[in-house]
Visitor: 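My questions will all concern the structure given below.
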Amino acid sequence: MINKQHLVAPSILSADFTNLESAIKLLNNSEADWIHVDVMDGHFVPNITLGFPVISQIKKHAKKPLDVHLMISKPERYLEEFKYAGADILTVHYEACTHLHSTIQRIKSLGMKAGVSIVPHSQVLLLEDIIAELDLVLIMSVNPGFGGQKFIENSYKKIKQTKELIRATNSNALIQIDGGVDANNARLLIEAGVDVLVAGSYVFSHKNPKEHIMQLKTLKFSKTE
Ligand code: DX5
Ligand code: ZN
């Protein structure tokens with residue numbers, strides 16, 4: 001039974017990088033709530049994606065909040081830069097921060113919403129002493145680094161544990177899921193307690209991405225695909 005309206009955050013990682021402007025305009029005119037931007041540094045994860053100049057350009061065209069997911073080591077080095085580039089929500093990885101509490105306080109004092117992500121092998125309980133401070137918990141349902149990977153089924157357990165931890169600590173954090181989200185699991189994920197669905201390849205590998213965004217928003221999927 002679903003009794004809340006969830007959010008959809010398409011990941012532009014799977015968009016055509018030679019024509020980002022049209023991807024952003026498409027998202028502006030879709031049911032997308034946020035625009036998910038994946039930043040990778042080739043150190044915390046094996047891949048390298050984009051940085052401040054590209055985020056600033058995306059921001060020029062975006063009419064929706066930029067949900068910036070940092071898959072970089074020591075993200076505390078660049079919080080101001082991400083703010084000035086246009087991030088509205090800034091998510092760092094638990095595994096990438098030595099002084100996570102202080103990093104979260106700085107993100108919030110810069111006027112951004114603060115998120116923390118955990119990779120598939122990290123336990124939800126690691127967030128026990130920080131979750132009350134968070135606006136967002138991002139559960140990675142693939143190993144971060146690449147789009148188009150297979151969803152890890154153990155993520156359902158982690159969503160439920162996060163939900164319980166949020167309740168126990170009176171946290172206002174939203175639960176976001178990222179990796180392998182598609183027509184097969186979106187409804188189950190929302191039922192398990194997810195508030196924000198991130199989807200890259202499911203949205204942008206389709207000839208009409210707006211249709212797939214709509215499907216993720218309404219949780220009504222056409223049977224022909
Ligand atoms: C992966 C990124 C994801 C990625 C998801 O490390 O964090 O946001 O774009 O892509 P899909 O939806 O294709 O798994
Ligand atoms: Zn992401």
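Read the numbers this way: they start at 1 and go in the same order the structure lists the ligands and their atoms. Values in this document were obtained by computation on a predicted structure and should not be read as measured data. No hydrogens, no waters, no symmetry mates; every other heavy atom, side chains included, goes into these values. Numbers here are sequence positions counted from 1.
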Visitor: Taking only residues two or more places apart in sequence, or in another chain, which ones meet H93 in a ring-ring contact (aromatic ring centres under 6.0 Å, His included)?
Guide: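 Here the qualifying residues are F44, H69.
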
Visitor: In plain terms, say whether D182 and K150 are close enough for a salt bridge, that is, a side-chain N and a carboxylate O under 4.0 Å apart.
Guide: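 No salt bridge links D182 with K150.
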
Visitor: Considering the heavy atoms of H36, write down every atom of ligand 1 situated less than 4.0 Å from one of them.
Guide: 8 (O)

Visitor: How would you list, by chain and number, every residue that makes a side-chain contact (heavy atoms from CB on, under 4.5 Å) with N170, sequence neighbours excluded?
Guide: none

Visitor: Do you know the tightest heavy-atom contact between A186 and L197?
Guide: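 Closest approach of A186 to L197: CB-CD1, 4.0 Å.
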
Visitor: Which ligand 1 atoms, with their elements, are less than 4.0 angstrom from a heavy-atom of D178?
Guide: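 Contacts of ligand 1 toward D178, numbered from 1: 2 (C), 3 (C), 4 (C), 5 (C), 7 (O), 8 (O).
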
Visitor: Could you identify the single nearest non-hydrogen protein atom to atom 2 (C) of ligand 1 and state the distance to 0.1 Å?
Guide: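 Checking every protein heavy atom, the shortest distance to atom 2 (C) of ligand 1 gives D38 OD1, 3.5 Å.
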
Visitor: Between E164 and K160, is there a side-chain N and carboxylate O pair less than 4.0 Å apart?
Guide: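 K160 and E164: not salt-bridged.
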
Visitor: Can you name the atoms of ligand 1, numbered from 1 with element, that are less than 4.0 Å from a heavy atom of H69?
Guide: 7 (O)

Visitor: Determine how many protein N/O/S atoms sit closer than 2.8 Å to the Zn ion (ligand 2), leaving waters out since they are not shown.
Guide: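 For the Zn ion (ligand 2), protein nitrogen, oxygen or sulfur atoms under 2.8 Å: 4.
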
Visitor: Please assess Y78 against F52 for the test ring pair (Phe, Tyr, Trp, His ring centres under 6.0 Å), listing each intermediate value before the final yes or no.
Guide: CA-CA 10 Å; Y78 299 113; F52 312 119; 5.8 Å; yes

Visitor: Heavy-atom distances under 4.0 Å are what count here, so tell me which part of Y202 touches ligand 1: side chain, backbone, both or neither.
Guide: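 It is neither; nothing of Y202 touches ligand 1.
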
Visitor: Going by the order shown, which atoms of ligand 1 are within less than 4.0 Å of some heavy atom of F146?
Guide: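 Going through ligand 1 atom by atom, the ones under 4.0 Å from F146 are 1 (C), 6 (O).
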
Visitor: Which protein non-hydrogen atom lies closest to atom 14 (O) of ligand 1, naming both residue and atom, and how far is it?
Guide: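 Result: G180 N, 2.8 Å.
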
Visitor: Checking a contact table here: which protein heavy atom is nearest atom 12 (O) of ligand 1, and how many Å away?
Guide: G200 N, 2.8 Å

Visitor: Taking C-beta and beyond as the side chain, do L219 and H6 meet within less than 4.5 Å on heavy atoms?
Guide: yes

Visitor: I need the contact type for S11 against ligand 1. Using non-hydrogen atoms and a strict under-4.0 Å cut-off, is it side chain, backbone, both or neither?
Guide: side chain

Visitor: With heavy-atom distances below 4.5 Å as the criterion, would you say the side chains of M40 and L13 are in contact?
Guide: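 Sidechains of L13 and M40: in contact.
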
Visitor: For atom 13 (O) of ligand 1, what is the closest protein heavy atom, and at what distance to 0.1 Å?
Guide: S201 OG, 2.5 Å

Visitor: Within the 4.5 Å heavy-atom criterion, are V203 and L216 side-chain neighbours or not?
Guide: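 Side-chain contact under 4.5 Å: yes.
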
Visitor: Look at atom 11 (P) of ligand 1 and say which protein heavy atom is nearest, naming residue and atom and giving the distance to 0.1 Å.
Guide: G148 N, 3.6 Å

Visitor: Output the list of atoms in ligand 1 that are nearer than 4.0 Å to some heavy atom of G147, sorted by atom number.
Guide: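 Answer, ordered by atom number: 10 (O), 13 (O).
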
Visitor: Is a salt bridge present between D135 and K108, judged by a nitrogen-to-oxygen distance below 4.0 Å?
Guide: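 No, this pair does not count.
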
Visitor: Taking side chain as C-beta onward, heavy atoms only, is L26 less than 4.5 Å from P209?
Guide: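 Yes. Closest side-chain heavy atoms under 4.5 Å.
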
Visitor: What is the closest protein heavy atom to atom 6 (O) of ligand 1, and at what distance does it sit?
Guide: G145 N, 2.8 Å

Visitor: Going by the order shown, which atoms of ligand 1 are within less than 4.0 Å of some heavy atom of M71?
Guide: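 With M71 as reference, the close atoms of ligand 1 come out as 6 (O), 7 (O).
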
Visitor: Over all heavy atoms of both residues, which pair between A9 and H36 is shortest? Give the atoms and the distance, please.
Guide: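 Shortest heavy-atom separation between A9 and H36 comes out as O-CB, 3.7 Å.
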
Visitor: Looking at residues at least two apart in the chain, or sitting in another chain, which of them share a side-chain contact (heavy atoms from CB on, under 4.5 Å) with P46?
Guide: F146

Visitor: Could you list the atoms of ligand 1 found under 4.0 angstrom from a heavy atom of M40?
Guide: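 In order of number, 6 (O).
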
Visitor: To the nearest 0.5 Å, how far apart are CD in Q176 and CD1 in I139?
Guide: 10.0 Å

Visitor: Pull out every atom of ligand 1 sitting under 4.0 Å from any heavy atom of L13, numbered as shown with elements.
Guide: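 Per the distance check, 4 (C), 9 (O).
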
